[in-house]
Amino acid sequence: MKLIVVKDYEEMSCRAARIIAAQVLKKSDSVLGLATGSTPIGTYRCLIEFYRKKLLDFRTIKTVNLDEYHGLSQTHPQSFRFFMEENFFQHVNLRTSNIHMPEGKAVDPEQETVRYGKLIDSLGGIDLQMLGIGLNGHIGFNEPDDTFSRTVTCVELTQSTIEAYSRFFENTDDVPRRAYTMGIATIMQAKELLLLASGAEKREIIQQAVYGPITTRVPASVLQLHPNVTVITDESAGALL
Ligand code: GLP
């Protein structure tokens with residue numbers, strides 16, 4: 001693991017964006033694995049700036065997202081697709097046909113997990129996957145469990161995750177109970193991983209993920225086994241590294 005601890009959120013975001021930019025320049029048809037949450041917003045902002053300065057061209061880049069709520073349409077303001085449109089997709093020249101995410105409104109969730117898994121394979125796998133980390137060590141929606149999930153799955157959200165997300169919905173009952181996520185195997189198959197964390201509340205969990213035992217109880221700890229991982233944190237999240 002390569003560890004980079006920088007001053008603040010802005011610097012973390014720019015360092016991450018530079019790594020993604022290098023990938024885009026190195027391979028114009030790269031498959032980028034993208035993430036949602038508050039952590040990657042600054043990275044998207046930097047990438048948009050690079051694009052506006054004409055340093056980057058996304059025309060032939062392909063994207064796959066880590067996760068999506070089950071049951072929400074692409075236009076639902078809380079769907080991850082909507083988030084991606086707002087924070088990244090609509091600001092750069094990605095082709096809609098090159099943007100891939102699990103389809104929240106798919107009729108058959110089982111079939112949707114198979115479709116999305118096969119789609120990632122058909123693109124030749126992920127060149128660079130960006131990841132945030134949940135307070136309990138989850139990556140994507142891979143929550144602490146007794147086993148590591150394999151490929152794309154549709155998981156039941158834990159009560160704590162539902163409660164954490166209820167702030168974005170009118171009431172807790174509106175929070176989807178299930179979500180699609182790339183499995184641990186899907187994430188581990190990416191050629192390169194970029195794990196980002198900022199803020200003091202992530203301090204302990206990022207330390208456990210990087211230095212703690214590899215355990216299904218801290219899903220991010222599995223990243224220690226990946227041969228090409230860069231962890232970038234701000235000073236607050238990286239204080240124990
Ligand atoms: C969610 C997402 C994850 C994300 C995590 C951290 O549960 N499914 O993909 O990494 O939250 O979110 P944040 O970046 O807002 O702390």
Side-chain angles (χ1 to χ4, degrees), residues 8-10 12-13 15-17 20 32-46 63-72 76-84 86-88 100-102 104 113 116 120 126 128-145 148-149 152-169 172 175-184 186-188 190 193-210 218-223 229-234 236-238:
D8 54 21
Y9 179 81
E10 271 320 298
M12 175 198 78
S13 303
R15 287 296 281 265
I20 297 170
L32 300 181
L34 303 178
T36 51
S38 49
T39 309
I41 291 178
T43 305
Y44 294 134
R45 225 183 288 133
C46 284
T63 68
V64 288
N65 262 77
L66 251 190
D67 46 17
E68 176 60 288
Y69 284 123
H70 169 260
L72 298 192
H76 190 291
Q78 295 309 330
S79 72
F80 289 171
R81 175 61 184 244
F82 191 89
F83 172 100
M84 289 305 302
E86 294 265 289
N87 289 290
F88 188 51
H100 305 286
M101 295 185 66
T113 59
Y116 196 58
I120 295 169
I126 301 165
L128 174 60
Q129 176 67 53
M130 174 159 59
L131 298 166
I133 183 169
L135 288 175
N136 59 4
H138 72 216
I139 43 178
F141 271 123
N142 295 285
E143 302 275 17
D145 206 340
F148 283 134
S149 62
V152 179
T153 48
C154 188
V155 297
E156 300 284 334
L157 298 181
T158 59
Q159 198 50 39
S160 68
T161 299
I162 292 170
E163 275 156 28
Y165 274 105
S166 63
R167 68 185 192 277
F168 298 117
F169 292 81
T172 312
V175 185
R177 274 16 194 188
R178 302 177 75 190
Y180 294 102
T181 183
M182 285 183 197
I184 294 293
T186 323
I187 294 168
M188 290 298 280
L193 298 173
L194 190 53
L195 175 65
L196 307 181
S198 76
E201 56 172 6
K202 299 274 173 80
R203 190 174 289 171
E204 267 89 29
I205 196 64
I206 201 79
Q207 183 202 32
Q208 282 182 52
V210 172
V218 181
S221 65
V222 76
L223 303 178
V229 188
T230 304
V231 181
I232 310 179
T233 76
D234 65 2
S236 308

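Just so it is clear, the structure is predicted and the values come from calculations on it, not from any experiment. Whatever order the structure lists them in is the order used to number ligands and atoms, beginning at 1.
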>> Hydrogens and angles aside, do Gln208 and Glu204 bring a side-chain donor and acceptor to less than 3.5 Å of each other?
In response: no
>> Tell me the protein heavy atom at minimum distance from atom 2 (C) of ligand 1, and give that distance in Å.
In response: Tyr165 OH, 3.5 Å
> Does ligand 1 have an atom that lies less than 4.0 angstrom from a heavy atom of Gly140?
Replying inline: yes
> Looking at CD1 of Ile41 and OG of Ser13, how far apart are the two atoms once the value is rounded to the nearest 0.5 Å?
Replying inline: 9.5 Å
>> Need the ligand 1 atom indices (1-based, order shown) with element for anything under 4.0 Å from a heavy-atom of Gly37.
In response: 14 (O), 15 (O)
>> Do Met130 and Tyr44 make a side-chain contact, defined as non-hydrogen atoms from C-beta onward lying under 4.5 Å apart?
In response: yes
> Are side-chain heavy atoms of Asn136 and Ile205 found at a separation under 4.5 Å?
Replying inline: no
>> Counting non-hydrogen protein atoms only, what is the nearest one to atom 16 (O) of ligand 1? Give residue, atom name and distance.
In response: Lys202 NZ, 2.7 Å
> So do the side chains of Thr158 and His138 get within less than 4.5 Å of each other, counting heavy atoms only?
Replying inline: no
> Quick check: are there more than 12 heavy atoms from other residues, nucleotides or ligands sitting under 6.0 Å from CZ of Arg178?
Replying inline: yes
> Can you list the ligand 1 atoms lying under 4.0 Å from a non-hydrogen atom of Phe141?
Replying inline: 7 (O), 8 (N)
> ligand 1 versus Asp67, non-hydrogen atoms closer than 4.0 Å: side chain, backbone, both, neither?
Replying inline: side chain
> What atoms of ligand 1 come within less than 4.0 Å of a heavy atom belonging to Thr39?
Replying inline: 13 (P), 14 (O), 16 (O)
> For Met188 and Val222, which heavy atoms make the closest approach, and how far apart are they?
Replying inline: CE-O, 3.6 Å
> When you look for heavy atoms under 4.0 Å from ligand 1, do you find them on the side chain of Ile133, its backbone, both, or neither?
Replying inline: backbone
> Between Phe169 and Tyr69, what is the ring plane arrangement, given parallel below 30°, perpendicular above 60°, and tilted in between?
Replying inline: perpendicular
> Hey, which atoms in ligand 1 end up nearer than 4.0 Å to a heavy atom of Gly132?
Replying inline: 10 (O)
>> How far is atom 5 (C) of ligand 1 from the closest protein heavy atom, and which atom is that?
In response: His138 NE2, 3.7 Å
> Nearest protein heavy-atom contact for atom 4 (C) of ligand 1: which residue, which atom, what distance?
Replying inline: Thr36 O, 4.1 Å
